[in-house]
Amino acid sequence: MDIKELDQTYVANTYKRFPVALVKGKGSLAYDDQGKEYIDLGSGIAVNGLGIADDEWMAAVTAQLGTLPHTSNLYYSEPCAQLAKLLCEKSGMKKVFFGNSGAEANEGVIKAARKYAAEKHGKDCYTIITLENSFHGRTLTTLAATGQDKFHELFQPLTPGFVHAKANDLEGLKALAEKVKPAAIMIECVQGEGGVLPLEADFVKGIEALCKEKDIVMIVDEVQTGNGRSGCYFAYQTFGVMPDLVSTAKGLGGGLPIGAVLLGEKLKDVFGPGDHGSTFGGNPAVCAGACSIVKRIDDALMADVRKKSEYIFSELNGADGVESVAGLGLMIGVKTKKPAADIVAGCMEKGVLVLTAHEKVRLLPALNIPMPLLEKAIAVLKEVCKE
Ligand code: PLP
């Protein structure tokens, strides 16, 4: 059997895969089983932040694999502690819990917020307001948090205690908060799966002020926006706010699974022994690799990300067949006149990998994509978008 047949026979049918089997890559180039080369503007959905098989990341992971690839959380291990320190320095948060995915990170922030609210405001204070059109993951609780009905239909009953507010409608959100007396408000600063839609700065700032005033926990989901993707280490820094809890994953691991719950000053000690845990959370090999990634997401790289972002916006805004361009940093959604699926297929044929988000074409290139490759890929995209 070839790869496609093997997969279709034995792998659960949860993904609508593109007709390509990728077998290797380096940096922003990927290769399929026929030897065809692609410029990668998807980064494994914002995971390969510093490109595929980054040398420093591989060296850090393989060194750790040769010493202690795994130990349980019953023992201290340096990579996990070092990574937590680095993340606190980058974020202004105070403590970190490690899991293995974005959804698991969101489960963690939800548990932390509920425990804080139960202790502070009583056990009836558990409702979390999230936004319509949001995406927070695929577990039953993070699906409940996700404000898109299409994901809910056949999986009832979901975890209770989630209500959804309209994005960018601060008065509406305040009225809802008055009614439900929430434990927390949870947002993505840029709705990723929802179509790459940045929230308005006044709305995000208004949420921060409301949360401070009413002792509501402010949660920012940085699973996709985090780790340099937005042009700042975290997207909330672009908006000039300081949340109480942050979840992140994807780009943090450089290609290996990891998720993190970042606890700010107010909630730094909310978890005690036994409150939460994960067998693989804080895995030494994954954390050693993540340290090598986080260290390099510095001011110089962020300036470069913002420059590349401006380049993409300026090339695509007003281009033939392009209706609009939205996003932040290297997380960009392009509304095209032709259906997004046709653009993806057209680009793929010409050796460029792009993604979709709702009705848009989504671009998530590696943060360090070399400029000549980016220029070549954007030229292909423009050509394919032409009517
Ligand atoms: N939150 C956001 C904002 C996401 O974009 C995603 C995944 O796309 C998730 C959570 C879920 O992450 P994971 O697929 O790692 O569980």
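These figures come from a predicted structure and were not determined experimentally. One-based numbering, in listed order, for ligands and for the atoms of each.
- Judged purely by distance below 3.5 Å, without hydrogens or angles, the side chains of Asn48 and Asp40 never pair a donor atom with an acceptor atom.
- For atom 14 (O) of ligand 1, no protein heavy-atom neighbour is present inside the 4.0 Å cut-off.
- The closest approach between a heavy atom of Lys250 and any atom of ligand 1 is below 4.0 Å.
- At least one N or O atom of Gly102, backbone or side chain, sits closer than 3.5 Å to an N or O atom of ligand 1.
- Considering backbone and side-chain atoms together, Gln224 places an N or O closer than 3.5 Å to an N or O of ligand 1.
- To the nearest 0.5 Å, the span separating NZ on Lys24 from CD on Glu37 amounts to 9.5 Å.
- Backbone and side-chain nitrogen or oxygen atoms of Val223 are examined, and none is located within less than 3.5 angstrom of a nitrogen or oxygen of ligand 1.
- Every N/O-N/O distance between Glu188 and ligand 1 stays at or above 3.5 Å.
- In terms of protein heavy atoms, atom 1 (N) of ligand 1 is closest to Asp221 OD2, 2.8 Å.
- Ring-plane geometry between His276 and Phe97 is classed as tilted, the angle between the planes lying from 30 to 60 degrees on a 0 to 90 degree scale.
- Glu107 and Thr142 are not linked by any side-chain donor-acceptor pair at a separation below 3.5 angstrom, with hydrogens and angles left out of the test.
- For Phe135 and Phe151, the ring centers sit closer than 6.0 Å to each other.
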